Amino acid sequence: DNGCNDKSRGSLIVFEGLDRCGKTSQSGRLVSYLEKKGVPVESWRFPDRSTSVGEMISSYLVNKSQLDDQTVHLLFSANRWEKRSLMENKLRSGITLVVDRYSYSGVSFSAAKGLDIEWCKSPERGLLAPDLVVYLDIAPEKAAERGGYGSERYEQLDFQRKVAQQYQTLRDSAWKVIDACLSVDSVEEQIRESAMECVSNCLKGKPLFK
Ligand code: DGP
Ligand code: NA
Ligand code: NA
């Protein structure tokens, strides 16, 4: 692969944000919308708890196992790596992937624990770069009020505050930051607009690799 691809392809659209920011429901709504528009699309999420690496992550998240911070960081990353070639094949075959969490979660959640951010970024290098990152922006306090957190390891206000700070250092030109406290319909409308623009650029042959 020479990294030069001018053929039309699917888009890699990633949703990021704090726990309870509304990502999961908004990404679902976007997938339904794109389907209605006739865009070939699949809904994905990370961590993908269905693989054996994903099972280790899941057991850690529900506090059934203990792993040190570096180890779990590398497992989350491995969980993305094990899907990399499948993702590339889908994108090249014209399928748009709407992904709930990706490398930005990987870096933010681990750096929030105090791990060195450059160390956190390194295993993510070489994964596919998203065409669009929808960041659903919400104050940690507001997210915590939304029906409360579940019982998973990271769902605590103090920790989510640190995650929010880390996310801010990762913004790049692919990011579309949306105020998650606007009405559900207004958030959805903004996401639709950015996503349709993204899909059309990829159909025009935006390169898969930067
Ligand atoms: P979710 O299934 O989207 O609710 O994610 C489960 C939890 O794991 C959530 O608190 C976010 C966190 N998380 C997601 N991806 C990563 C990652 O790559 N690294 C770390 N450390 N945490 C992650
Ligand atoms: Na969660
Ligand atoms: Na979620």
Side-chain angles (χ1 to χ4, degrees), residues 12-31 42-84 87 97-130 133-170 172 175 180 191:
L12 180 53
I13 300 176
V14 166
F15 278 70
E16 289 283 4
L18 299 181
D19 286 295
R20 315 280 317 167
C21 69
K23 268 178 315 73
T24 306
S25 84
Q26 286 292 349
S27 60
R29 283 168 175 249
L30 177 62
V31 169
E42 287 184 12
S43 169
W44 281 47
R45 69 178 311 142
F46 288 109
D48 177 342
R49 303 189 193 208
S50 71
T51 70
S52 45
V53 172
E55 282 172 23
M56 293 173 72
I57 293 170
S58 184
S59 140
Y60 169 84
L61 286 172
V62 300
N63 293 301
K64 279 194 180 145
S65 67
Q66 306 304 321
L67 293 167
D68 59 44
D69 294 342
Q70 288 84 351
T71 305
V72 80
H73 181 77
L74 295 171
L75 288 177
F76 273 107
S77 187
N79 187 232
R80 288 181 278 277
W81 274 100
E82 65 183 337
K83 297 291 174 181
R84 186 198 178 287
M87 291 174 83
L97 303 179
V98 173
V99 185
D100 188 346
R101 296 196 183 281
Y102 199 58
S103 300
Y104 305 89
S105 289
V107 174
S108 304
F109 279 75
S110 288
K113 297 172 179 174
L115 297 185
D116 177 73
I117 195 156
E118 290 308 316
W119 186 87
C120 292
K121 285 177 184 173
S122 34
E124 304 300 316
R125 295 201 171 99
L127 290 172
L128 301 174
V133 179
V134 174
Y135 183 78
L136 296 185
D137 194 18
I138 188 169
E141 296 73 18
K142 280 267 159 56
E145 284 167 11
R146 287 188 166 182
Y149 290 129
S151 57
E152 288 204 339
R153 188 181 284 267
Y154 296 143
E155 296 181 352
Q156 292 172 21
L157 181 55
D158 281 350
F159 185 71
Q160 297 280 325
R161 284 194 182 109
K162 292 180 185 156
V163 174
Q165 285 172 356
Q166 295 301 328
Y167 265 128
Q168 293 320 307
T169 70
L170 301 178
D172 63 35
W175 281 43
I191 294 171

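Just follow the structure's listing: the first ligand is 1, and inside any ligand the first atom is 1. Just so we're clear, the structure is a prediction, and the values are computed from it rather than from any experiment.
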Within the 4.0 Å heavy-atom cut-off, what Leu61 brings close to ligand 1 is side chain

Check step by step if side-chain hydrogen bond (donor to acceptor under 3.5 Å, both in side chains) holds for Tyr149 and Gln156.
CA-CA 7 Å; Tyr149 290 129; Gln156 292 172 21; over 6 Å; no

For residues 116-128, which residue pairs pass the salt bridge (charged side-chain N to carboxylate O under 4.0 Å, His left out) check, not counting sequence neighbours?
Arg80-Glu124, Glu118-Lys121, Glu118-Arg125

Is the shortest distance from a heavy atom of Arg80 to ligand 1 less than 4.0 Å?
yes

Please determine which of Ser27, Ser25, Ser105, Ser43 meets the side chain to side chain contact (heavy atoms under 4.5 Å, CB included) test together with Asp100.
Ser27

Under 3.5 Å between some N or O of ligand 1 and some N or O of Tyr154?
yes

What are the atoms of ligand 1, with element, lying closer than 4.0 Å to any heavy atom of Arg45?
1 (P), 2 (O), 3 (O)

Under 4.0 Å between a Lys/Arg side-chain N and an Asp/Glu carboxylate O for Asp19 and Arg153?
no

Could I get the full list of side-chain hydrogen bond (donor to acceptor under 3.5 Å, both in side chains) partners for Asp48, not counting sequence neighbours?
Ser50

Considering only heavy atoms of Gly106, which atoms of ligand 1 have at least one such atom less than 4.0 Å away?
17 (C), 18 (O), 19 (N)

Would you mind finding which of Phe159, Phe76, Tyr104 brings a heavy atom closest to atom 20 (C) of ligand 1?
Phe76

Would Glu152 and Lys64 pass as an ion pair if we require N to O under 4.0 Å?
no

So that I can tick it off, tell me whether Glu145 and Arg20 are bridged by a salt bridge, with the cut-off set at under 4.0 angstrom between side-chain N and carboxylate O.
no

Which of the numbered atoms in ligand 1 are below 4.0 angstrom from a heavy atom of Arg49?
2 (O), 6 (C)

Residue Asp19 vicinity, atoms of ligand 1 by number, heavy atom under 4.0 Å
4 (O), 9 (C), 10 (O)

What do you reckon, does Arg101 put a non-hydrogen atom under 4.0 Å from ligand 1?
yes

